[in-house]
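Scroll down for the structure; my scribbles are underneath it.
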Amino acid sequence: MRGRQIIVTALAALAGFAAVALGTAYFVSTRQAGSGAGAAAVGGPFSLVDDNGAPVTERTLAGKPSVMYFGYTFCPDVCPTTLLDMSRWIKALGPDADKLNYVFVTVDPERDTQKLMHAYLSSFDKHIRGFTGTPE
């Protein structure tokens with residue numbers, strides 16, 4: 001039982017980190033928008049493609065909490081280490097792992113195609129889906 005508490009705490013910490021990162025990105029983008037610099041909208045509707053080529057939107061993740069990690073396939077150490085950690089957490093959760101969505105979202109969509117994302121993620125837990133899109 002103690003191991004499960006550690007995993008749940010780690011997932012909550014990861015979700016908290018993601019929330020802070022998204023909040024920071026939103027703050028920076030709204031400041032840039034006011035200065036005339038182009039900025040991407042944060043939050044709200046999105047349209048991407050998963051690593052199997054299927055279209056995904058915000059509705060795809062509805063109904064379950066999501067663990068999202070933003071990175072890129074050519075990341076030398078942090079991204080694969082984090083995805084390996086996530087794979088271990090998923091394994092430790094056992095059947096409860098199905099109660100969450102796990103997503104690796106590329107920040108380098110020009111390089112990280114659907115096929116490349118699929119090949120890259122084959123080294124990690126099958127629950128983790130890869131999302132890619134356009135630079136916009």
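Being a predicted model, the structure only gives us computed values, none of them experimental.
- Distance check, rounded to the nearest 0.5 Å: OH of Y102 to NZ of K126 gives 10.5 Å.
- Proximity of P55 to V49: side-chain heavy atoms (C-beta onward) are nowhere separated by under 4.5 Å.
- Taking the side chain as every heavy atom from C-beta outward, M68 and L61 approach each other to under 4.5 Å.
- For the pair F124 and F104, the minimum side-chain heavy-atom distance is 4.5 Å or more.
- No side-chain heavy atom of R129 sits less than 4.5 Å from a side-chain heavy atom of N101.
- The line from OG of S47 to CZ of F131 is 11.0 Å long, rounded to the nearest 0.5 Å.
- Interatomic distance, L121 CG to D51 CG, rounded to the nearest 0.5 Å: 5.5 Å.
- Counting only heavy atoms from C-beta outward, the side chains of R88 and D125 never approach each other to under 4.5 Å.
- Residues I90 and L100 are not in side-chain contact: their nearest non-hydrogen atoms beyond the backbone lie 4.5 Å or more apart.
- A 4.5 Å side-chain heavy-atom check between S87 and I128 finds at least one atom pair inside the cut-off.
- In this structure, a donor-acceptor pair under 3.5 Å is absent between the side chains of D112 and T132.
- Applying side chain to side chain donor-acceptor pair (under 3.5 Å) to N52 and the options H118, Q114, K115 leaves one that passes, H118.
- Atom CG of D85 and atom OH of Y69 lie 9.5 Å apart (nearest 0.5 Å).
- Donor-acceptor pairing under 3.5 Å is recorded for the side chains of H127 and D98.
- No side-chain heavy atom of F74 sits less than 4.5 Å from a side-chain heavy atom of C79.
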